[in-house]
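Below is one structure, written out as structure tokens; the observations come after it.
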Amino acid sequence: MRALTFAVLAAAVAALPGCRKTGEGQYEVDKPVVGTQTDTVNTPSVDVGTTKDTITTPDVDVKSKKTEVTVPTVKVKPPKKDS
């Protein structure tokens, strides 16, 4: 059992150096080819916020009234492409 645990731990430690953060939203990844090849991977950025919106809600008197609510917004910016 100890040998299996040691083997799993050694494999996990060996896999860690294959990826390094090089900047904001950028990671350098070593690809397993004959030898190694290094690529830079850009991750997308996400902006989350809220905005005000007006909706019509039903009233008990069979009338409707306008109500202002806060609605969540999410904007995803795709990663920058390397040249």
Side-chain angles (χ1 to χ4, degrees):
M1 185 69 178
R2 288 184 186 176
L4 177 63
T5 304
F6 180 73
V8 170
L9 181 62
V13 170
L16 287 178
C19 184
R20 294 177 293 286
K21 186 169 185 172
T22 58
E24 184 62 37
Q26 290 186 339
Y27 294 89
E28 196 173 84
V29 180
D30 292 335
K31 288 195 215 175
V33 292
V34 177
T36 60
Q37 178 181 355
T38 302
D39 282 344
T40 300
V41 178
N42 295 314
T43 57
S45 62
V46 179
D47 294 330
V48 179
T50 59
T51 185
K52 298 274 184 193
D53 198 5
T54 304
I55 61 170
T56 304
T57 58
D59 197 9
V60 177
D61 299 330
V62 189
K63 298 178 187 176
S64 61
K65 63 179 181 176
K66 298 206 183 253
T67 306
E68 189 172 286
V69 295
T70 303
V71 181
T73 59
V74 177
K75 294 179 184 174
V76 177
K77 297 177 190 168
K80 296 180 232 171
K81 298 198 180 202
D82 289 336
S83 300

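Every value quoted in this text rests on a predicted model; they were computed, and no experiment measured them.
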Restricting to salt bridge (charged side-chain N to carboxylate O under 4.0 Å, His left out), what partner residues turn up for Lys77, sequence neighbours left out? Asp47
Across all chains, not counting sequence neighbours, the side chain to side chain contact (heavy atoms under 4.5 Å, CB included) partners of Pro78 are none
Co-members of Ile55 in a cluster of I, L, V, M, F, W and Y side chains, linked at under 4.5 Å: Val69, Val71
Closest heavy-atom pair, Thr51 versus Thr73, reported as atoms and distance to 0.1 Å, is CG2-CG2, 3.4 Å
Cluster partners of Val76, using ILVMFWY side-chain heavy atoms under 4.5 angstrom, listed by chain and number? Val46, Val48, Val74
Applying side chain to side chain donor-acceptor pair (under 3.5 Å) to Thr54 and not counting sequence neighbours gives none
